[in-house]
Every structure is written in C-alpha cells, then in structure tokens.
Amino acid sequence: QESFMREYSGITAWVQTCRESARRCGYVETLHNRRRFLPALAARTRAERQHAERQAVNSSCQASAADLVKAAMLAIHTRLKRMRVHEGGQCRMVARMLLQIHDELLFEVDEGHLDRVREVVVSEMI
C-alpha cells in the first residue's frame, strides 16, 4: 500500500478530502452529483464512524466509475443506432451491447462492421 501511495501521491489527499467532506455533509457525491447518505458518519462508536468513512471513499470512487460507464454506454448506443443498416425492407443494428461487467462492455458485432464499431466504442470509453 505504501508503494501505491508513493506512486500516486494525490490519492492520500483525495481520500482525506473525501472523508472530511462526507463528515461535514453527511453524504458523498459522484461525478454526476448522485448522493449517498451515510448516517453512520455521526455514529457514537469510532468503529462505526470509520466504517462509514471507508464507505464514503469507496462509494465516491465506485459510483463515479459507474456514472462514467453509464454515460459511455448511452453515447455508444446512440452512435450505434446511427450505424443501422437497411436490408430487404428491414432496419437492424450492426452491433448490440450484450453485457456490462464493471468497466467492460461486451458486444455482438457484424463482422463487416467490426473495425468501425471498435472505433466508436474506444472513442466513447476513453
């Protein structure tokens, strides 16, 4: 853990700021301003307060990551809809998002459109 903190020196300051803000407000916010209230931040016991502080840091980080993935998924879907093909009087998608696992997305893609879909996905996920 020490080498990690040395390598990423801003992490310690961010964690401290997150904890202080959570104690002051009673909640944490994600990048997209979703809030998680943590009443245990004002608990009587030190153990409960420390647990709530760990939850505050974890929630802020992981829920913000979820916000970013959701935004990317919506943008990808919008762009994939524009890539629909029209054949035999029918309109169909060239790719479908099948699954999201944390920060990874799984797609089913028509082979002929693979490069173009890859470009779309990579550009929205960065």
Side-chain angles (χ1 to χ4, degrees):
Q1 185 177 0
E2 288 178 32
S3 63
F4 179 83
M5 293 300 190
R6 273 195 308 275
E7 182 75 24
Y8 302 100
S9 58
I11 296 283
T12 303
W14 177 80
V15 167
Q16 188 60 35
T17 300
C18 185
R19 286 179 177 158
E20 290 169 2
S21 175
R23 281 193 298 264
R24 188 175 54 255
C25 299
Y27 61 85
V28 290
E29 285 187 328
T30 68
L31 290 173
H32 290 174
N33 299 314
R34 289 187 300 129
R35 291 181 180 175
R36 178 175 183 189
F37 288 87
L38 298 161
L41 288 165
R44 291 183 186 189
T45 69
R46 182 175 181 224
E48 284 182 273
R49 287 192 308 273
Q50 287 177 332
H51 181 71
E53 287 177 5
R54 288 190 300 276
Q55 286 180 314
V57 171
N58 189 50
S59 292
S60 181
C61 186
Q62 289 192 1
S64 290
D67 286 350
L68 294 174
V69 169
K70 183 176 181 178
M73 290 169 61
L74 292 169
I76 290 166
H77 183 71
T78 298
R79 290 181 63 186
L80 290 178
K81 284 194 319 188
R82 289 189 214 126
M83 295 171 60
R84 290 180 292 213
V85 294
H86 303 274
E87 298 172 338
Q90 300 221 349
C91 180
R92 66 176 182 79
M93 302 282 281
V94 298
R96 294 185 316 144
M97 192 179 320
L98 300 178
L99 186 64
Q100 177 221 348
I101 305 168
H102 302 291
D103 63 344
E104 296 185 26
L105 304 176
L106 179 67
F107 293 87
E108 180 178 62
V109 181
D110 287 354
E111 203 169 329
H113 294 89
L114 182 59
D115 290 337
R116 200 162 148 225
V117 169
R118 181 185 296 125
E119 289 173 16
V120 166
V121 172
V122 169
S123 71
E124 293 298 341
M125 291 291 287
I126 291 181

Not counting sequence neighbours, list each pair that qualifies as a ring-ring contact (aromatic ring centres under 6.0 Å, His included) and has a residue in residues 50-92. none
With sequence neighbours excluded, residues passing side-chain hydrogen bond (donor to acceptor under 3.5 Å, both in side chains) with Glu119: none
Where at least one partner belongs to residues 59-75, residue pairs that pass salt bridge (Lys or Arg N to Asp or Glu O under 4.0 Å), sequence neighbours excluded: Arg34-Asp67
Judged by atom type as modelled, is there a donor-acceptor pair below 3.5 Å linking the side chain of Arg49 to the main-chain atoms of Ala40? no
Hey, could you give me each pair passing ring-ring contact (aromatic ring centres under 6.0 Å, His included) that has a residue in residues 93-125? Not counting sequence neighbours. none
Closest approach of Met97 and Leu105, non-hydrogen atoms and distance? SD-CD2, 4.2 Å
Excluding sequence neighbours, so at least two apart, what forms side-chain hydrogen bond (donor to acceptor under 3.5 Å, both in side chains) with Arg36? Ser59
Residues that, via side-chain heavy atoms closer than 4.5 angstrom, fall in one hydrophobic cluster with Leu74: none
Could you pull out all residues at least two apart from Thr45 that satisfy side-chain hydrogen bond (donor to acceptor under 3.5 Å, both in side chains)? Glu48
Which pairs with one or both residues in residues 16-39 pass ring-ring contact (aromatic ring centres under 6.0 Å, His included), sequence neighbours excluded? Tyr27-Phe37
Expected list for residues 10-20: side-chain donor-acceptor pairs under 3.5 angstrom, two or more places apart:
| unit_1 | atom_1 | unit_2 | atom_2 | d |
| --- | --- | --- | --- | --- |
| Gln16 | NE2 | Glu20 | OE2 | 3.1 |
| Thr17 | OG1 | Ala13 | O | 2.9 |

Partner set under side-chain hydrogen bond (donor to acceptor under 3.5 Å, both in side chains) for Arg79, not counting sequence neighbours: Ser123, Glu124
Test side chain to side chain contact (heavy atoms under 4.5 Å, CB included) applied to Leu68 - qualifying residues, sequence neighbours left out: Leu31
Salt bridge (Lys or Arg N to Asp or Glu O under 4.0 Å) pairs touching residues 97-112, sequence neighbours excluded, are Arg92-Asp110, Arg96-Glu108
